[in-house]
Amino acid sequence: MAAPALWQPQEQGLREICTLLEAHISPNSDQARIWQQLQHYSQFPDFNNYLVFLLARGEGKSIEVRQAAGLLLKNNLRATFSSMPVPSQQYIKSELLPCIGATNRAIRSTVGTVISVLFQIVRVAGWIELFQALHKCLDSNDLDHMEGAMDAIYKICEDVPEELDIDVAGLPERPINVFMPRILQFFQSPHASLRKLALGCINQYIVVMPSALYMSMDQYLQGLFNLAKDPSADVRKLVCSAWVQLIEVRPSILEPHLKNVTELILQANKDSDDEVALEACEFWSAYCDVSMPPEGLREFLPRLIPTLLSNMVYADDDESLADAEEDESFPDRDQDLKPRFHASRLHGSETGEDDDDDDAVNVWNLRKCSAAGLDVLSNVFGDNILPTLMPLIEQNLARTDDDSWKERETAVLSLGAIAEGCIAGLYPHLPQIVAFLIPLLDDKFPLIRSITCWTLSRYSKFIVQSLDHPNGREQFDKILMGLLRRILDTNKRVQEAACSAFATLEEEAAEELVPHLEVILQHLMCAYGKYQKRNLRILYDALGTLADAVGAELNQAKYLDIFMPPLITKWQQLQNSDKDLFPLLECFTSIAQALGPGFAQFAEPVFQRCINLIQSQQLAKIDPTAAGSLYDREFIVCSLDLLSGLAEGLGAGIESLVAQSNLRDLLLQCCMDEAADVRQSALALLGDLSRVCPIHLHPRLQEFLTVAAKQLSPQSVKDAVSVANNACWAIGELAIKIGKEIEPVVINVVSCLVPILKSPEGLNKSLIENSAITLGRLSWVCPDIMAPHMDHFMQAWCSALCIDDFEKEDAFHGLCAMVAANPSGAVGSLAYICQACASWTEIKSEGLHSEVCQIMNGYKQLLGNSGWEQCMATLEPAVVQRLARYGV
């Protein structure tokens, strides 16, 4: 029987596709039209054969066209390879293998990329010939073949390293066991490209650590030592990257070599190549983060600290230097507007700290990494670094000539970096430090003004703590006014730094800001009139933080007249599809919560706008043309959160607005959304509305309960813990308001909450507390349903109730109701009940206090004196002592 004929392209088809690819890579072509034509061609079953033919055999065509064919092939394979006819699959594989060692490096690289993508689809077992070809290339001693094979292996290791470390039928060894010795040999290659690829491959295995690497560890480490001074900067950078990864995930392997490694890293930290120095600099934070013995670093501090300081000086080519020249008359560029991320509302969470960022352009570089390293070292070694560091800071600050401004700036940055770690040693000198920094707020160099704002913000907590010291208030006032002055700076970079620093000061100072509210608001609103988009976002944050800090104090006509009219004007100017609404919605959320009922005069248009935003986005999801804009769920999330803020601020005052709207139906839809952040905010609003106007949820109550309960299944908790947290809280809030109507979901909800309480390891603290409180609320309203099952959860529940939360009272009402319904059922858990009751600092409700007294005394009678004494003997003496307040 004749062998099947190999596929051959038709000349005309080849010409057409080449012409199309030439247009595709031309910068002036109509890309939309070309994309349509490519889609048309991709309908032909052998289109990908043409692409691989062009990549592999396109001699005479331009390298760019062949690369374009390869990259288009890569994308097509990802989407359609599995459904291709088998002859096409085989043809593509067979054409790629001979090109691994193509003479042109760009073609080799593109082939390696296509091979890596195809390998992710078929894996080892689906392409045994690939490994035979790679092995042959590695052993060929031909540079093109060795480099092509290493490039393909590197890309596979980067994407799916674990796939090379599995047993495969048809191969005597795991692929990585065969490749590892050969790759390690390339550490000694005279060709920098092979040394670089070899290091890159093996570094991908540090985390997964296959036995092939573990068994070769001595050889690998020796190779790293030998390559530490390699002439190629790329190789030196990968050596540093290996040390950093090893210290992060395998510190025990490095421990015997730590002194030598640290010495090499310190040298690399001074490398003439900034990227090598940056990679080396990551080592210091990694070392401290894995809690290695600090003694290992102590002897290096006198040399390390000057190196970090020297690397913190702005490099001449730092793009921040050019940005710093822009004053407020320069329009913002699109790339200046970093993507922003709204954090969905989470009930009961502790808000995370914002990352400090002294640079407007969020590019990680040697300067920032060195400052972060100094910060980490100060937290580990504390005041012990001051004798080395302070003379260097003082020396830099003493250089007052214009040419030395970068060194002065570094000194100020250093003072900010060590603010937390060295505060014990610095605190006595805080007045002098602040007195020195305040004049720098008016320095002629904008980057000194901006870094001074940041450094002062790092001392905010301690400045506020010093208010009662002599001159403490005067110091605070000077900083406050200095930052407000800089908020009105003409330089955009300084405006940003001052606004961020002021927001930090607001969080720390809270009610101390009240006497200054008028002047603060006047400055913020003056800035509001002149800021451009990027800094406006930060200004909204400062205004929202102010509202959170001073709360109801803001609810005075003289203050409202300053800040509300400009905000309302902006609110009316912005279109429903304008993303500049996001920070304004967030700002209004904080203001609504702070003003409370005082926000009522502004509430109706704000409420209605939120409803319209949610409606238009839900339409855009189905039909963007009809909605007039593309779907963006962040509009929904921000609107739901603002409605929550209104419910919290207005309380029952929101009822008339809810009654006249279709919020209930929109909210139910959002509670069922496939996006976790939409469900999270929707369930937070469900809980808030349950508190203030549950009657308007009634017609669809059971649907809300069913949807909320669904978020508590074990899989849902695993997939989206914050959604589960809010669902749990909302169910508890509803239970309190609707009583027995919650009965249909009680058993379902309890069956989900009990595993959370019994296995709290690794779970969000907020979810555990909310689960305990919701379980208590369900017990309070449905004790008859809960009591028969309490032996399943009583011990874990009581342990979780040893918390300090204002909602804890509801949970204890439930505990008492359940025990009253089934006293004998809880006897086995009495010690746990006693510990939970003893955990109160004070029960404010007299009714609850007497309920707990009844329970305790009831058990004392039930057990008799000897039984009670036996129980008390199992408890800590402090617990027994605290139980005395219940008369037992």
Side-chain angles (χ1 to χ4, degrees), residues 196 199 203 206 221 223-248 251 254-255 257-290 292-318 320 358-359 363-381 384-393 395-396 406-407 409-411 413-414 416-418 421:
K196 176 186 168 184
L199 259 173
N203 286 3
I206 291 173
L221 294 176
L224 292 176
F225 282 120
N226 294 342
L227 294 173
K229 299 283 173 68
D230 195 272
S232 159
D234 285 340
V235 171
R236 297 197 303 278
K237 180 180 167 187
L238 284 165
V239 170
C240 292
S241 168
W243 297 133
V244 171
Q245 287 187 69
L246 283 165
I247 198 85
E248 282 175 339
L254 273 200
E255 219 155 342
H257 312 278
L258 210 45
K259 192 165 181 176
N260 292 340
V261 172
T262 308
E263 184 61 59
L264 286 172
I265 286 283
L266 186 54
Q267 297 309 313
N269 211 163
K270 304 173 192 172
D271 199 283
S272 57
D273 185 292
D274 268 6
E275 288 195 23
V276 177
L278 171 58
E279 200 60 57
C281 193
E282 300 284 3
F283 184 84
W284 314 119
S285 295
Y287 183 105
C288 297
D289 288 346
V290 294
M292 291 290 280
E295 291 315 308
L297 273 191
R298 195 178 297 276
E299 65 178 286
F300 294 94
L301 292 178
R303 288 186 295 147
L304 171 55
I305 287 167
T307 302
L308 292 176
L309 234 63
S310 142
N311 286 339
M312 282 159 65
V313 178
Y314 272 113
D316 291 337
D317 61 350
D318 194 313
S320 303
D358 64 296
D359 277 297
V363 176
W364 190 242
N365 57 23
L366 181 57
R367 164 190 159 79
K368 290 188 186 179
C369 188
S370 303
L374 185 59
D375 182 353
V376 170
L377 288 174
S378 75
N379 278 292
V380 171
F381 293 99
N384 292 327
I385 69 170
L386 292 177
T388 305
L389 179 63
M390 288 315 286
L392 297 170
I393 290 179
Q395 188 182 316
N396 279 351
K406 289 181 190 168
E407 284 73 18
E409 194 276 349
T410 298
L413 169 59
S414 307
I418 62 170

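Note that the numbering runs from 1 along the sequence shown for the chain.
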Student check: side-chain heavy atoms of [X] and [Y] closer than 4.5 Å:
X	Y	value
L309	L374	yes
Q395	E407	no
V239	W243	yes
S320	Y314	yes
L224	V261	no

* **Chi angles and distances behind the side-chain contact (heavy atoms from CB on, under 4.5 Å) call for L308, L377** => CA-CA 11 Å; L308 292 176; L377 288 174; 3.6 Å; yes

Can you name the closest pair of heavy atoms from [X] and [Y] and give their distance?
X	Y	answer
S414	I393	CB-CD1, 3.7 Å
W364	A372	CH2-CB, 3.9 Å
E248	V290	O-CG1, 3.5 Å
A371	M312	N-CG, 3.7 Å
S378	A417	OG-O, 3.9 Å

* Asked: Within the side chain of Y287, is there an N or O that forms a donor-acceptor pair under 3.5 Å with the backbone of P293?
  -> yes

Measuring from [X]:[atom1] to [Y]:[atom2], what's the distance to the nearest 0.5 Å?
X	Y	atom1	atom2	answer
I305	L389	CD1	CG	6.0 Å
D317	N365	CG	CG	9.5 Å
T307	I265	OG1	CD1	12.5 Å
L297	L266	CG	CG	10.0 Å
I385	L304	CD1	CG	9.5 Å
K368	L278	NZ	CG	11.5 Å

* Structure fact -> Only one of D234, D230, L227 passes side chain to side chain contact (heavy atoms under 4.5 Å, CB included) with K196, and that residue is D234

With sequence neighbours excluded, tell me which residues meet side chain to side chain contact (heavy atoms under 4.5 Å, CB included) with [X].
X	answer
L264	F225, A228, K229
D273	A233, R236, D271, E275, V276
S241	N203, Q245, E279
S310	none

Under the side-chain hydrogen bond (donor to acceptor under 3.5 Å, both in side chains) test, which residues partner [X], sequence neighbours left out?
X	answer
W284	N269
N379	D375
D316	K406
E263	Q267, R303

* Six-ring centre of F381, R298 cation under 6.0 angstrom, axis tolerance 45° -> no

* Can you name the residues that form a salt bridge (Lys or Arg N to Asp or Glu O under 4.0 Å) with E255, not counting sequence neighbours? -> none

* Asked: With sequence neighbours excluded, what pairs up with K270 under the salt bridge (Lys or Arg N to Asp or Glu O under 4.0 Å) test?
  ->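 Scan of K270 (salt bridge (Lys or Arg N to Asp or Glu O under 4.0 Å), adjacent residues dropped) gives none.
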
* Could you go through the side-chain contact (heavy atoms from CB on, under 4.5 Å) check for L221 and L246 one step at a time? => CA-CA 10 Å; L221 294 176; L246 283 165; 4.0 Å; yes

* Please report the C-alpha distance between V363 and D318 in whole Å, then the side-chain angles of each, then the deciding distance to 0.1 Å, and finally whether the side-chain contact (heavy atoms from CB on, under 4.5 Å) criterion is met. => CA-CA 10 Å; V363 176; D318 194 313; over 6 Å; no

